[in-house]
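Notes to accompany the following structure.
What you see is a predicted model, and the numbers here were worked out from it, not measured in a lab. Just the heavy atoms: all of them, side chains too, but no hydrogens, waters or symmetry mates, feed the values below. Each chain gets a letter, A, B and so on, in the order its sequence line appears, and its residues count up from 1.
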Number of protein chains: 2
Amino acid sequence: MQRDVFAAIADPTRREIITMLASQPLNLNTVADKFDISRPAVAKHLKLLKECGLIDIEKRGRESFCSARLDGLKEVTDWTAKMRAFWTQKLDALEVFLENDQNTKQDKSYE
Amino acid sequence: MQRDVFAAIADPTRREIITMLASQPLNLNTVADKFDISRPAVAKHLKLLKECGLIDIEKRGRESFCSARLDGLKEVTDWTAKMRAFWTQKLDALEVFLENDQNTKQDKSYE
DNA sequence: GCATTAGGGAACCTTTTGGTTTCAAATATA
DNA sequence: TATATTTGAAACCAAAAGGTTCCCTAATGC
């Protein structure tokens, strides 16, 4: 049972699948037809995406309908936003520091 | 030359490194000491992070000072935000659709 | 009933990933 | 100068990732 959303979106094919399914639900073969790789390969990607909660796979008769369930991406958005905010804040603090004290040569500071 | 930011943040160790460096710059050995894995292993992660632009490595004497440079994460934030927005919008549209027409079945066309 | 279609799943293969140990080079320091 | 510190880099390894082919089962359509 994979569950790392970061690993799930690391693969370009899986990101494409997500993009496709975000616009509309599709069955497995329809998804597979969009790629050059084999159906089992796509099925594996879909299974992984399901296991980490990014898509639903609903069986209807002999067909598997796949649909996006992208609230799991919040974890990624949150982390990246937090990192960038932290970093930007550091840069701002540095800027203020440099503006207020041009003479001090603090050689440990960066940029 | 790796350059996929999505792949870069797929590894938990690399995410930890990024988190560490977001709060303050550190030299290679200091980073390595925080982990149970060997120094060369950490050095490889740092090198990869540098190659995709998420950190800087500045050499001073015999030391390598590493600092965060997290604007590259914008690509990730943008993509995830876009997907989630798209998905939320679809959900809203679906809700309206269901409210307005309970009987129509969805078609299978893509794109 | 029979052929077709959609998908599941096993077995297998190759490349990548993440890790290791070992050694050499360069810089600091006593 | 001799020694310790910090890193770079090579060689190697095991496991995971991503892919393939082949075959089986179960709905569906005729």
Side-chain angles (χ1 to χ4, degrees), chain A residues 1-21 24-67 76 107-108 110, chain B residues 1-21 24-67 105-110:
Chain A
M1 238 174 282
Q2 302 264 359
R3 65 163 53 87
D4 189 343
V5 178
F6 288 89
I9 64 170
D11 185 272
T13 301
R14 284 196 291 267
R15 287 202 299 278
E16 267 196 75
I17 291 175
I18 289 173
T19 305
M20 285 173 55
L21 295 180
Q24 70 175 323
L26 297 168
N27 68 6
L28 193 151
N29 274 345
T30 309
V31 175
D33 287 347
K34 306 292 178 180
F35 296 91
D36 286 338
I37 60 179
S38 68
R39 181 181 54 74
V42 172
K44 284 185 189 177
H45 284 307
L46 288 169
K47 188 180 175 189
L48 189 151
L49 288 172
K50 179 192 174 184
E51 283 172 354
C52 65
L54 290 178
I55 69 170
D56 276 338
I57 301 182
E58 184 193 347
K59 200 100 196 236
R60 294 187 205 166
R62 65 182 169 185
E63 292 183 72
S64 290
F65 279 85
C66 310
S67 54
V76 178
D107 49 358
K108 285 292 175 64
Y110 287 80
Chain B
M1 239 174 281
Q2 304 264 3
R3 65 161 56 83
D4 189 341
V5 178
F6 287 88
I9 64 172
D11 185 272
T13 301
R14 284 195 291 269
R15 286 201 300 278
E16 268 197 74
I17 291 175
I18 289 172
T19 305
M20 287 175 54
L21 295 181
Q24 69 175 329
L26 298 168
N27 70 3
L28 193 151
N29 273 347
T30 308
V31 176
D33 287 347
K34 308 287 182 180
F35 297 91
D36 287 338
I37 60 179
S38 68
R39 181 183 52 74
V42 173
K44 282 185 189 177
H45 285 307
L46 288 168
K47 187 179 176 189
L48 190 152
L49 288 171
K50 180 191 175 185
E51 283 171 354
C52 65
L54 291 177
I55 69 170
D56 276 338
I57 301 182
E58 184 193 346
K59 198 101 196 235
R60 295 192 202 162
R62 65 184 168 182
E63 292 183 75
S64 289
F65 279 85
C66 309
S67 55
K105 295 200 172 184
Q106 67 187 72
D107 64 77
K108 294 185 183 178
S109 60
Y110 178 71

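Across the protein-nucleic acid pair, B:L28 atom CG and D:dT6 atom P stand 11 Å apart, rounded to whole Å. In this structure, CG of A:L49 is placed 14 Å from C1' of D:dA17, rounded to the nearest angstrom. Summarising the geometry, the separation between CG on B:D36 and P on C:dG18 is reported as 17 Å, rounded to the nearest angstrom. Atom pair A:D4:CG and D:dA17:P shows a separation of 10 Å (rounding to whole Å applied). Computed from coordinates, the B:I37 CD1 to C:dT17 P distance equals 16 Å when rounded to whole Å. As rounded to whole Å, 14 Å separates atom C1' of C:dG19 from atom CG of B:L48. In this entry the distance linking CG of B:L46 with C1' of C:dG18 reads 14 Å, nearest Å. Across the protein-nucleic acid pair, B:F6 atom CZ and D:dA17 atom P stand 19 Å apart, rounded to whole Å.
One distance of note links CG of B:D11 with CD1 of B:I17; it measures 8.0 Å at 0.5 Å rounding. For the atom pair B:Q24 CD and B:M20 CE, the distance stands at 8.0 Å (nearest 0.5 Å). Here the NE2 atom belonging to B:H45 is positioned 11.5 Å from the CD1 atom belonging to B:I55, to the nearest 0.5 angstrom. The CZ atom of A:R60 sits 5.0 Å away from the CZ atom of A:F65 when rounded to the nearest 0.5 Å. Expressed to the nearest 0.5 Å, how far CD1 of A:I57 lies from SG of A:C66 amounts to 4.5 Å.
A donor N or O paired with an acceptor N or O is not found under 3.5 Å between the base of D:dT6 and the side-chain atoms of B:R62. Side-chain atoms of A:K44 and base atoms of D:dG19 include a donor and an acceptor less than 3.5 Å apart.
OP1 or OP2 of D:dG19 lies within a sub-4.0 Å distance of a side-chain N or O belonging to A:H45. Taking 4.0 angstrom as the limit, B:S64 places none of its side-chain polar atoms (N or O) nearer than this to OP1 or OP2 of D:dT6. Taking 4.0 angstrom as the limit, A:N27 places none of its side-chain polar atoms (N or O) nearer than this to OP1 or OP2 of C:dA6. Contact annotation: B:N29 does not reach the phosphate of D:dT5 (side-chain N/O to OP1 or OP2, under 4.0 Å).
Closest heavy-atom contact between A:S67 and A:P25: CB-CB, 3.9 Å. Nearest heavy atoms, B:F35 versus B:T13: CE2-CG2, 3.8 Å.
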Protein-nucleic acid N or O pairs under 3.5 Å, nucleotides 21-23 of chain C:
none

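A residue-by-residue look at B:G61 and B:R14 shows that B:R14 has its nearest nucleotide of DNA chain C further toward the 5' end. Residues B:T30 and A:T13 both approach DNA chain D. Their nearest nucleotides, taken by heavy-atom distance, put B:T30 toward the 5′ side.
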